[in-house]
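Along the sequence shown, the residues carry numbers beginning at 1.
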Amino acid sequence: MSETPEQVADQLRPQAPRARRILIDLAIMTVIGLFLGFIGPFGSINQPLTLRLVSWLMFAYIGYVVYAPMNVVVDWAERALALPRWGLWVAACLVATVPMTAAVWTIGGLPPPVRMPTMDEALTSYFYVLLIGGGVVALFNAIAVNQGRTVPAPPSRKPSGAPADAGQPAPAPAPAQTAKPSQPRLIERLPAALGSDVLALEMEDHYVRVHTALGSELLLMRLRDAIAELDDADGRQVHRSWWVARGAVEDVVRDGRNVRLKLPREIEAPVSRAQVSELKDAGWF
């Protein structure tokens with residue numbers, strides 16, 4: 001069955017933010033590579049400056065290719081296994097450092113033939129790569145946590161009934177108008193085609209995906225800021241990466257100790273184990 005223009009647009013819309021995110025990440029890796037090239041850590045200071053810069057830039061880009069996919073693995077494991085994110089990142093770094101160490105040793109041993117390292121050399125190289133790789137991963141996670149948009153405060157108003165400024169005539173009363181129902185501030189960030197029925201918020205790296213009854217949209221902001229802009233909507237943060245509207249829950253899916261909330265449009269939101277009993281007490285289940 002052919003897709004409607006709206007469905008095609010919904011699929012293509014996230015590509016621009018993702019491309020922008022990759023360009024920003026590569027720019028950060030370029031700065032890191034140049035910095036390491038100038039300071040020459042782990043004995044590389046003895047090499048010519050040009051060779052150092054080229055080598056560390058190459059290592060920086062290869063490291064991005066090796067470590068960046070771990071974010072997808074960590075996101076999946078966090079949802080499926082309900083394990084702490086920091087622990088998953090430690091495990092991911094330990095695993096990703098193995099191929100990264102092999103790449104560093106191979107490039108450092110060129111031209112071929114590249115000799116096999118001794119156990120002591122392999123462990124030393126692994127430690128050095130883990131030190132830098134783990135530091136860069138920690139930097140990117142810190143950026144993800146602290147990145148967000150600042151919402152300007154509304155202009156201050158005088159309390160109702162306050163006297164007018166001296167010498168200024170009192171303003172004429174505004175004509176009576178039919179009050180319009182207010183909607184959360186977050187809705188103003190979304191395309192009109194998505195409507196205003198927010199089902200859930202899902203954190204994706206530096207972004208928040210807003211799920212509505214008509215589709216989804218990626219916004220460059222923190223999850224806690226997006227929740228704040230829902231203006232006390234009836235819902236709850238059921239997981240580190242998810243907020244769910246209470247009225248959107250259609251069913252509860254259990255898989256052993258793992259619990260997921262089934263929402264419209266075949267969306268399933270994981271529930272952290274710490275939240276299961278609280279949601280039960282609140283009448284969600």
Partner set under ring pair (Phe, Tyr, Trp, His ring centres under 6.0 Å) for F42, not counting sequence neighbours =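 Ring pair (Phe, Tyr, Trp, His ring centres under 6.0 Å) list for F42, sorted by chain: Y128.
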Do the non-hydrogen side-chain atoms of [X] and [Y] ever get within less than 4.5 Å of each other?
X	Y	answer
Q183	D231	no
I32	L139	yes
L261	E250	no
E217	P191	yes
I62	I107	yes
L57	T30	yes
I45	R52	yes
V73	L88	no

List the atom of [X], the atom of [Y], and the distance in Å for their closest heavy-atom pair.
X	Y	answer
I267	H211	CD1-ND1, 3.5 Å
V66	P99	CG1-CG, 4.1 Å
W243	Q237	CD1-N, 3.5 Å
C93	G134	SG-CA, 4.4 Å
W242	L223	N-CD2, 4.0 Å
E229	P184	O-CB, 3.5 Å

ask   = Run the side-chain contact (heavy atoms from CB on, under 4.5 Å) check on L230 and L201 step by step: do they pass?
value = CA-CA 10 Å; L230 285 173; L201 305 177; 3.6 Å; yes
Roughly how far, to the nearest 0.5 Å, is [atom2] of [Y] from [atom1] of [X]?
X	Y	atom1	atom2	answer
M221	I227	CE	CD1	10.0 Å
N46	L51	CG	CG	11.5 Å
L123	L130	CG	CG	11.5 Å
L190	E188	CG	CD	10.0 Å
D25	N71	CG	CG	9.5 Å
H206	L218	NE2	CG	12.5 Å

What pairs meet the salt bridge (Lys or Arg N to Asp or Glu O under 4.0 Å) rule with one or both residues in [range], with sequence neighbours excluded?
range	answer
residues 251-264	R260-E268
residues 116-141	R115-E121
residues 122-142	none

message = If you apply the rule side-chain contact (heavy atoms from CB on, under 4.5 Å), what do you find for V244 with L199, and how did you get there?
response = CA-CA 6 Å; V244 173; L199 305 177; over 6 Å; no
request  = Could you name each residue pair satisfying ring-ring contact (aromatic ring centres under 6.0 Å, His included) that touches residues 50-72, not counting sequence neighbours?
outcome  = W56-F59
task = Just grab all the ring-ring contact (aromatic ring centres under 6.0 Å, His included) pairs involving residues 89-127, residues at least two apart or on different chains.
result =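 Every pair satisfying ring-ring contact (aromatic ring centres under 6.0 Å, His included) with a residue in residues 89-127: there are none.
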Grouping I, L, V, M, F, W and Y whenever their side-chain heavy atoms are under 4.5 Å apart, do [X] and [Y] come out in a common cluster?
X	Y	answer
F35	V104	yes
I132	V90	no
F140	W86	no
W76	V253	no
V137	L26	yes

So, does [X] use its side chain to make a donor-acceptor pair with the main chain of [Y] at under 3.5 Å?
X	Y	answer
Q275	E278	no
S44	P41	yes
R265	G215	yes

message = Regarding R209 and S216, do their side chains bring together a donor and an acceptor under 3.5 Å, going by distance alone?
response =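 Judged by distance alone, the side chains do pair up.
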message = Assess the residue pair V136 and M29 against the criterion (side-chain contact (heavy atoms from CB on, under 4.5 Å)); give the C-alpha distance rounded to whole Å, side-chain angles, the decisive distance to 0.1 Å, and a yes or no.
response = CA-CA 9 Å; V136 174; M29 295 306 301; 3.9 Å; yes
query = Can you list the steps and then say if L186 with L219 is a side-chain contact (heavy atoms from CB on, under 4.5 Å)?
reply = CA-CA 10 Å; L186 188 67; L219 299 178; 3.7 Å; yes
key: CG/D232: more than 12 non-hydrogen atoms of other groups inside 6.0 Å   = no
